[in-house]
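Single-structure report; data block below.
Whatever order the structure lists them in is the order used to number ligands and atoms, beginning at 1.
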Amino acid sequence: MTRFAFDNSYARELPGFYTAWQPATVPAPRLLFLNEALAAELGLDASALRGETGASLFAGNALPEGAEPIAQAYAGHQFGGFSPQLGDGRALLLGELIDRDGRRRDIAFKGSGRTPFSRGGDGKAAVGPMLREVLIGEAMHALGIPSTRALAVAATGETVRRELPLPGAVLTRVAESHLRVGTFQYFLAKGEVDRLRQLADYTIARHDPALAGAPDRYLALLQAVAQRQAVLIAQWMNVGFIHGVMNTDNMTISGETIDYGPCAFMEAYDPQTVFSSIDHGGRYAYGNQPHIARWNLARLAETLLPLMAEADDESAIQRAVAQATAVIDAFPGLFAAALLRGQRGKLGLFAASAADDAQDTTLVDDWLALLLAQSVDFTLGWRRLADAAEGRDAPLRDLFADRAALDTWLTRWRERCTRDDAAGGPGAAERAARMRRASPWLIPRNHRVEAALAAATDGDLAPFERLLEALRQPFDERPEHALYAEPAPAEAQAGYQTFCGT
Ligand code: AMP
Ligand code: MG
């Protein structure tokens, strides 16, 4: 049996923040997926985790030595409404490992049975949604976007009751931590300021150790989280990712994407795109994501105020509120800067300076307006702009019905690229190459993901494995994967819905 070198700081340092709990035993464990590269990163012997050992371990029947499974407490705003107690209703943190690079990583189950936080739920998960976490999480990782990752998925041999009976599974998830905005909200809601401080200091030691002990560390923590989220959401936006359920319990402190439930990638560009069947108001629509991130950060700020000022010191409270408000108000600027940085890479502008910001923002906004007006596929539009950088306009022009409008924009863009080169930019060939590293050829397209998961649910893993293999190199045009690069037929795009019933 391979050794997991657990070092469980959360369980050790934060008693009262969780309930110790055991995973349910399941009838017929079978390993569906093992992430061998990630296992190696974690210092685990992948060969020892294949087969029966891994199946029984990753299904929760035989825990690795040193695991101390706990269900973590947290609260959260769900679609704007506050639930003071959510918590791990079907997840368990097994413990933490220090990885090959010295980073502390959480190892957690999802779908391992009921816990004291399960409320009405069964604590279980189905094969399809857990393999979905694998596909989307690995795609995000390959796209260079911070993400929790799947180490393994094991089928349980149980039937899980959803709208339909489905085969059950357990996901093993790896994260920088499972600390969320909602973790802080839990202790604020209970009025437990000492625990809030303990949590904040733990968080700082784990994610922002440079801030430890500083007198203004709680404000600095807020700033650090805002910066990470600004960068993360900008990355989402630049690949067309829609999280779908940006509740405060699904926003990490680490800046990793977490909880791939009703998420999906946009195909034709439209900021109002929503896929989730329960998001009637479009709260978590593509274009709303930066606003929601800011809203969630304001909820985090509220939890830190009692740590920034004593409750009976009116002037200190006012100062703390002003400081925290300034951080929240600065978020749109942080986000805009991160977004433009990414967009410049996609536009092929590599020698730009702050003096170019206004003009470049207009240039990119006009490009996006063209994509919107002509329902152009977001991924292909950006990708084929790289061809145009080398003077091959035809593949790009094929995506547009009104080519004259495109040509007008291309003329402006080329003038801007010429100016970029005059300022030290890389020239046409290198520009195109770099643009192809900023705009992927492949994203997990919804119809492909659905088809792969449907086959896996019926027992055929081959489509899932093929798709995963393709998504691991999203920037390389590999002809054998050309089908995955094609947009869904328009009818399929129009009716596409994702479901929370995971
Ligand atoms: P999510 O929307 O997946 O982030 O989950 C929100 C909350 O619902 C968390 O507290 C989960 O633990 C809980 N939850 C979701 N599905 C289940 C389930 N099948 N059984 C118990 N709790 C669940
Ligand atoms: Mg969640």
Side-chain angles (χ1 to χ4, degrees), residues 17-19 21-24 26 60 69-94 106 108-134 136-137 147-150 156 158-187 189 242-254 256-264 275-279 283-284 292-293 296 299-300 498-502:
F17 290 64
Y18 59 82
T19 305
W21 202 255
Q22 292 295 316
V26 304
I70 59 175
Q72 292 178 301
Y74 55 86
H77 275 91
Q78 301 181 301
F79 289 91
F82 186 61
S83 298
Q85 180 169 309
L86 292 169
D88 285 335
R90 57 161 173 176
L92 289 174
L93 176 62
L94 296 184
D106 273 8
F109 282 158
K110 182 165 180 175
S112 49
R114 289 181 52 82
T115 77
F117 300 105
S118 295
R119 296 168 290 155
D122 62 1
K124 303 287 183 177
V127 165
M130 295 306 99
L131 292 180
R132 189 182 169 82
E133 288 235 7
V134 177
I136 313 288
S147 175
T148 65
R149 296 184 64 192
T156 60
E158 278 179 335
T159 298
V160 176
R161 264 183 291 262
R162 297 291 181 258
E163 281 100 68
L164 297 169
L166 294 170
V170 176
L171 166 77
T172 303
R173 175 161 82 184
V174 176
E176 298 226 350
S177 83
H178 285 79
L179 293 160
R180 319 143 188 267
V181 171
T183 318
F184 288 79
Q185 291 182 289
Y186 181 83
F187 294 100
I242 305 170
H243 184 282
V245 58
M246 285 178 72
N247 294 333
T248 56
D249 51 305
N250 291 337
M251 185 186 262
T252 59
I253 300 299
S254 67
E256 284 184 325
T257 313
I258 195 170
D259 265 4
Y260 295 103
C263 64
F275 292 115
S276 170
S277 62
I278 60 167
D279 191 359
R283 181 180 171 89
Y284 299 139
I292 292 294
N296 290 351
R299 305 290 78 73
L300 178 64
T498 56
F499 298 92
C500 257
T502 57

Enumerated ligand 1 atoms positioned under 4.0 Å from heavy atoms of Arg162: 19 (N)
Ligand-residue contact atoms, ligand 1 with Asp259, heavy atoms, under 4.0 Å: 1 (P), 3 (O), 4 (O)
For atom 21 (C) of ligand 1, the option (of Gly89, Ala125, Ala126, Ser83) bearing the nearest heavy atom: Gly89
Closest heavy-atom pair and its distance - Val134, Ala150: CG2-CB, 3.6 Å
Taking every non-hydrogen atom, the tightest pair across Tyr284 and Val245: CD1-CA, 3.6 Å
For the Mg ion (ligand 2), the closest N/O/S atom belonging to Asp259: OD2
Test item: Val127 and Leu131 side chains (from C-beta on) under 4.5 Å apart, heavy atoms: yes
For ligand 1, the portion of Lys124 having any non-hydrogen atom under 4.0 Å away: backbone
Proximity winner for atom 11 (C) of ligand 1, if only heavy atoms of Gly87, Gly121, Ser118, Ala91 are counted: Gly87
Interfacing atoms of ligand 1 (cut-off 4.0 Å, heavy-atom, Arg119): 7 (C), 8 (O), 10 (O), 13 (C)
Under 3.5 Å: donor-acceptor pair, side chain of Arg132, backbone of Gly261: yes
Over 12 non-hydrogen atoms of neighbours within 6.0 angstrom of CZ in Arg161: no
Close approach, Gln78 and ligand 1, non-hydrogen under 4.0 angstrom: yes
Salt-bridge criterion met for Asp259 and Arg173 (N-O under 4.0 Å): yes
Under 4.0 Å to a heavy atom of Asn250 - the qualifying atoms of ligand 1, by number: 4 (O)
Element-labelled atoms of ligand 1 that are located less than 4.0 Å from some non-hydrogen atom of Gly123: 18 (C), 19 (N), 20 (N), 21 (C)
Single hit among Asn247, Leu86, Asn250, Ile253 for side chain to side chain contact (heavy atoms under 4.5 Å, CB included) with Arg180: Asn250
N/O donor to acceptor pairs below 3.5 angstrom from side-chain atoms of residues 71-80, sequence neighbours left out:
unit_1	atom_1	unit_2	atom_2	d
Tyr74	OH	Gly87	O	3.2
His77	ND1	Gln185	NE2	2.8
Gln78	OE1	Ser83	OG	3.4

Whether Asn250 has an N, O or S atom under 2.8 Å from the Mg ion (ligand 2): yes
Contact partition for Tyr74 relative to ligand 1, non-hydrogen atoms under 4.0 Å: side chain
Side chain, backbone, both or neither: the part of Val245 lying under 4.0 Å from ligand 1 by heavy atom: neither
Test item: Arg90 side-chain N/O and Lys124 main-chain N/O as donor-acceptor pair under 3.5 Å: yes
